[in-house]
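Since the structure comes first, as C-alpha cells, the remarks are kept for the end.
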Amino acid sequence: FGWVQISSFWVCVLLGFLVGAFLVWRQGRDAHIPEDKMLDCIFITTLTALFGARLAYFLLNLMEFHYNVLQFPLLWKYHGLSLMGSVIGGCMGLLMVTRRTKLPFWQLFDIALLGLLPVVAFVGIGGLLGGQEVGRLVRVGSGVNFVGFEGARYPIGLYELIFGLIGYIITVRIAKRYDTEKRVFGIVGLMIAVVGSIFFFTLAFFKEESVYLGSLSFNQIVLAVVLFMATALLYRKLELNMSAQIIAVYRTLRKLHNNK
C-alpha cells in the first residue's frame with residue numbers, strides 16, 4: 001500500500017487476534033456474561049495486550065530500533081512482538097476492565113487465556129511465512145532453511161503453531177468437564193500459564209535472544225517468575241495444603257513399610 005508495506009506476519013497477527021476475540025466473545029456468551037460488558041473487555045484487553053507486546057519487544061531490542069522511540073509505532077518497518085509483554089499487558093487491561101464493570105476477574109482470566117492460544121498459533125504461522133520466528137543454527141539433526149539466513153535453523157514458528165493448536169484443543173476439553181456452577185475459576189487459565197511458561201522457557205534455548213543475564217535470556221527470567229507465580233496461585237486455587245500432603249505421603253510410606 002504505497003510506502004506502507006503490510007507483511008504476512010502482521011496479517012497473521014491480525015487474523016489471530018480476530019479469531020481469539022471471536023472465541024473469547026463466544027465463551028463469554030456461553031457463560032451468560034452481558035454482551036456489552038464482554039465487548040468492552042475484549043476491546044480494552046486487546047489494546048493493552050498489543051501495546052504491552054510491542055513495548056516489551058521495543059525495550060528488549062533497542063538496538064534494532066536504533067535507540068529511537070519514534071520508531072516504536074512503525075509496525076510495518078520494525079516487526080516483532082513479545083508474548084510475555086502481551087500477557088502482562090492483557091492481564092493489566094483485564095484487571096482494569098473487571099474492576100470497572102464488576103465482572104469476575106478469574107472467570108474472564110480463564111476465557112482470555114483460552115483465547116490467547118489461537119493467537120499463538122497464528123503468530124507461529126506468521127513467523128514461518130515472514131521469517132520472524134527463526135531459531136538458532138541446527139547442529140545435530142535436520143532444520144529448515146529460511147530466506148536471508150545462513151544454514152538450517154530451528155522452525156520456532158512451527159513449534160508455536162503446534163503448541164497453540166494442541167493446547168487449545170486440550171484446554172477446551174478440560175474446560176468442558178467442569179460444571180460452570182461449581183467450577184473454581186482461574187484453574188484453567190493458570191494451568192495454561194504454567195504449561196505455557198515451561199514451553200516457552202524451553203523454546204528460548206533454541207532462539208537467538210537479544211538480552212541475556214548470565215546464561216539465561218531476559219525472557220527466560222521473566223518466564224521463570226511467571227511460572228513461580230502461576231504455580232503458587234494454582235496451588236492455592238486447588239486448595240492444596242503442603243503439610244497435609246507431606247503427612248499423607250509419610251503415612252502411606254509407613255503403611256507400606258509395616259505391610260512388608
Notebook entry, point to check: Where do S197 and V226 come nearest, in terms of heavy atoms and distance?
Noted result: OG-CG1, 3.5 Å
Notebook entry, point to check: To the nearest 0.5 Å, what is the distance between CG (D40) and CD (E35)?
Noted result: 11.0 Å
Note to self: Checking F201 against L216 for the side-chain contact (heavy atoms from CB on, under 4.5 Å) test, could you report, in this order, the C-alpha distance in whole Å, the side-chain angles of both residues, the deciding distance, and whether it holds?
What the structure shows: CA-CA 10 Å; F201 182 91; L216 297 177; 4.1 Å; yes
Margin query: Rounded at 0.5 Å granularity, tell me how far CZ in F228 sits from CG in L223.
Written below: 15.5 Å
Next item on the list: Decide whether L116 and I170 are clustered together by the hydrophobic rule: side chain heavy atoms of Ile, Leu, Val, Met, Phe, Trp, Tyr closer than 4.5 Å, transitively.
Entry: yes
Notebook entry, point to check: Should V24 and I169 be counted in the same cluster of Ile, Leu, Val, Met, Phe, Trp and Tyr side chains packed under 4.5 Å apart?
Noted result: no
Notebook entry, point to check: What are the two closest non-hydrogen atoms of N219 and S82, and how far apart are they?
Noted result: OD1-OG, 4.4 Å
Notebook entry, point to check: So Y154 and Y159, would you call those rings parallel, tilted or perpendicular, with 30° and 60° as cut-offs?
Noted result: tilted
Next item on the list: Keeping the roles fixed (side chain from T98, backbone from L103), state whether a donor-acceptor pair exists under 3.5 Å.
Entry: no
Margin query: For the backbone of G189 and the side chain of D110, can you confirm whether one donor and one acceptor N or O come within less than 3.5 Å of each other?
Written below: yes
Item checked: Counterpart residues, side chain to side chain donor-acceptor pair (under 3.5 Å), relative to R100 (two or more places apart) -> none
Checklist line | Nearest-0.5 Å distance, CD1 of residue I111 to CH2 of residue W25 | finding: 12.5 Å
Check: Do F122 and L161 have side-chain heavy atoms sitting under 4.5 Å apart?
Finding: no
Next item on the list: Indicate yes or no: at least one non-hydrogen side-chain atom of Y168 is less than 4.5 angstrom from one of L23.
Entry: yes
Note to self: If you apply the rule side-chain contact (heavy atoms from CB on, under 4.5 Å), what do you find for K237 with I187, and how did you get there?
What the structure shows: CA-CA 7 Å; K237 285 284 182 181; I187 291 179; 4.0 Å; yes
Note to self: How close do P118 and V19 get, counting heavy atoms only, and between which atoms?
What the structure shows: CB-CG1, 4.2 Å
Margin query: With clusters defined by side-chain heavy atoms of hydrophobic residues (ILVMFWY) lying less than 4.5 Å apart, directly or transitively, does F43 cluster with F17?
Written below: yes
Margin query: I'd like to check V194 versus L227 (side-chain heavy atoms, cut-off strictly below 4.5 Å). Are they in contact?
Written below: yes
Check: Does atom CZ of F205 have more than 12 heavy-atom neighbours from other groups under 6.0 Å away?
Finding: yes
Check: Does V123 share a hydrophobic cluster with L14, counting links as ILVMFWY side-chain heavy atoms below 4.5 Å and allowing steps through other members?
Finding: no
Checklist line | L190 side chain near F109 side chain, heavy-atom distance below 4.5 Å | finding: yes
Notebook entry, point to check: Out of K207, M84, E160, which residue meets the side chain to side chain contact (heavy atoms under 4.5 Å, CB included) rule with F200?
Noted result: E160
Item checked: Residue pair P155 / L128: nearest heavy atoms and the distance that separates them -> CB-CD2, 4.2 Å
Check: Counting heavy atoms not belonging to M229, are there more than 12 under 6.0 Å from its CE?
Finding: no
Next item on the list: Verify, without hydrogens or angle tests, whether R153 (side chain) and G135 (backbone) share a donor-acceptor contact under 3.5 angstrom.
Entry: yes
Margin query: With heavy-atom distances below 4.5 Å as the criterion, would you say the side chains of K37 and T101 are in contact?
Written below: yes
Next item on the list: Decide yes or no for L129 and C12: does some side-chain heavy atom of the first lie under 4.5 Å from some side-chain heavy atom of the second?
Entry: yes
Next item on the list: Taking the side chain as every heavy atom from C-beta outward, state whether I192 and L117 have any atom pair closer than 4.5 Å.
Entry: yes
Next item on the list: Given side-chain contact (heavy atoms from CB on, under 4.5 Å), test M38 with L108 step by step and report yes or no.
Entry: CA-CA 9 Å; M38 196 66 209; L108 289 176; 3.8 Å; yes
Next item on the list: To the nearest 0.5 angstrom, please state how far the OG1 atom of T48 sits from the CG atom of L95.
Entry: 10.5 Å
Next item on the list: Mind checking the OG-CD1 spacing from S8 to I125? Nearest 0.5 Å is all I need.
Entry: 11.0 Å
Note to self: Applying a strict under-4.5 Å side-chain criterion to I, L, V, M, F, W and Y, I'd like to know whether L39 and L114 cluster together.
What the structure shows: yes
Check: If we only count heavy atoms from C-beta on, is the W106 to L233 side-chain gap below 4.5 Å?
Finding: yes
Note to self: Measuring from atom CG of L15 to atom CH2 of W10, what distance do you get when rounded to the nearest 0.5 angstrom?
What the structure shows: 13.0 Å
Next item on the list: Under the side-chain contact (heavy atoms from CB on, under 4.5 Å) rule, what do C41 and L94 come out as? Steps first, then yes or no, please.
Entry: CA-CA 7 Å; C41 179; L94 184 63; 3.5 Å; yes
Next item on the list: Using side-chain contact (heavy atoms from CB on, under 4.5 Å) as the criterion, list what pairs up with A204, not counting sequence neighbours.
Entry: E209, S217, Q220
